[in-house]
Amino acid sequence: MAETEFWITPAAAIASAFPDGLTELSPRAQVNLRGDAEDASFMTAVKTATGIDLPETPNKAATGKEFKALWLSPDEWLLVGEGEAATLVQNLEGALKGQHFAVNNLSANRTIFELSGPHCHHALMKSSEVDFHPRVFAPGDCLQTLIAKAQAIVEQVEEDRFHIYVRSSFSRYVGAWLAEALAEYRLAD
Amino acid sequence: MLNIDCPWCGKRHETEFRYGGEAHIARPEDPAKLEDTEWAEFLFMRTNTKGYFAERWLHSHGCRRWFNVFRNTVTHEIVGSYKMGEKPPKLPKSAGGTK
């Protein structure tokens, strides 16, 4: 993506020292979408523009072709993908013309950490009060909570692989925290 | 610490929420017609209940929705939570604490 090619976050300064199982992903398009989930014409228009059936069940993610949608609140979703954010915004605005909605390109708002490996659940459980045990939190689930007291969106993309979205200004702190959280398991292996 | 049941996100830890004071206080229909004392009554006067109390909470670090919680301010027992505009749940017969 041309527009994010030179983007850098505070976490980049320490990313080279991250242990196995923790990486900062390259910037992704992140577009915030708001609208009435009970309005069929809104849902159809979004489906036409993105191919995604927006999740109405709280704390679930839904995947489309180029983008996925994370449930944020009853009328709010975050569309994330590797495509162009500007094009997505344009498509959505075109498809939703005349309706009551809001689309905002928030790509620079959050950076994404990928936490993976057999101990990623444990590292998360140390960092949050939410239960991330595989028994209750499965791939396709996402939620907003505090990770080490910093607001974050946590999404499980597949078994033993999480994406953690934190505000860029918190990224160095959260990155350092997660690196520290993983350290003890590296010794155990 | 409280485990609060957000009507959308489910049970979460108290640290994710903000407290919003007493619930079910309706804003006056026409504030311009009120006397200062009546406006102050609406703005500042609260019941300060000891016992079962309907209060507002905001899931500030989650879905950012306001909702109501029916809680015992003495024992911290939470009877239930419900969305804005809904009626508070009935007290269970077994409910303890000060009524």
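Chain letters run A, B, ... following the sequence lines, proteins first and then strands; every chain starts at 1. Computed from a predicted model, the values in this text were never measured in an experiment.
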Indicate if [X] and [Y] have the same hydrophobic cluster label, given that clusters are the connected sets of ILVMFWY residues with side-chain heavy-atom separations under 4.5 angstrom.
{"X": "Phe53(B)", "Y": "Val69(B)", "answer": "yes"}
{"X": "Ile147(A)", "Y": "Leu22(A)", "answer": "yes"}
{"X": "Tyr19(B)", "Y": "Ile4(B)", "answer": "yes"}

Could you label the plane-to-plane angle of the Tyr185(A) and His119(A) rings as parallel, tilted or perpendicular, counting under 30° as parallel and over 60° as perpendicular?
parallel
Check the orientation of Phe113(A) and Phe18(A). Use parallel for under 30°, tilted for 30 to 60°, and perpendicular for over 60°.
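It falls in the perpendicular class, over 60°.
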Restricting to pairs with a member in residues 115-139 of chain A, which pass salt bridge (charged side-chain N to carboxylate O under 4.0 Å, His left out), not counting sequence neighbours?
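Qualifying pairs: Lys126(A)-Glu184(A).
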So for atom CZ, which belongs to Arg18(B), do other residues, nucleotides or ligands contribute more than 12 heavy atoms lying within a distance under 6.0 Å?
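Incorrect, the count does not exceed 12.
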Please indicate whether Asn104(A) has more than 12 foreign heavy atoms, meaning atoms of other residues, nucleotides or ligands, lying under 6.0 Å from its CG.
yes
For chain B, which residues from [range] lie under 4.5 Å away (heavy-atom distances)?
{"range": "residues 88-97 of chain A", "value": "none"}
{"range": "residues 40-67 of chain A", "value": "Pro58(A), Asn59(A)"}
{"range": "residues 154-177 of chain A", "value": "none"}

Polar side-chain atom of Glu76(A) near backbone of Asn32(A) as donor-acceptor pair, under 3.5 Å:
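Judged by distance alone, no pair lies under 3.5 Å.
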Using only atom types and a distance under 3.5 Å, with no angle test, would you say the side chain of Ser81(B) pairs donor to acceptor with the backbone of Asn68(B)?
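Such a contact is absent between Ser81(B) side chain and Asn68(B) backbone.
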Can you check side chain to side chain donor-acceptor pair (under 3.5 Å) on Arg65(B) and Ser73(A), steps first, answer last?
CA-CA 8 Å; Arg65(B) 292 290 132 155; Ser73(A) 87; 3.1 Å; yes
Kindly determine whether His121(A) and His133(A) satisfy side-chain contact (heavy atoms from CB on, under 4.5 Å), including the steps that lead there.
CA-CA 7 Å; His121(A) 291 97; His133(A) 194 281; over 6 Å; no
Tell me, with the steps shown, if Arg46(B) and Ile25(B) meet side-chain contact (heavy atoms from CB on, under 4.5 Å).
CA-CA 9 Å; Arg46(B) 298 293 182 263; Ile25(B) 294 178; 3.3 Å; yes
Contacting moiety of Thr15(B), where chain A heavy atoms sit under 4.5 Å:
both
Examine whether an atom of His61(B) lies under 4.5 Å from a heavy atom of chain A, and if so say whether it belongs to the side chain, the backbone or both; otherwise answer neither.
both
Quick check on the interface: out of Cys9(B), Gly10(B), Ser60(B), who has the most heavy-atom pairs with chain A under 4.5 Å?
Cys9(B)
Side-chain contact test, heavy atoms from C-beta onward, threshold under 4.5 Å: evaluate it for Thr111(A) versus Glu24(A) and give yes or no.
yes
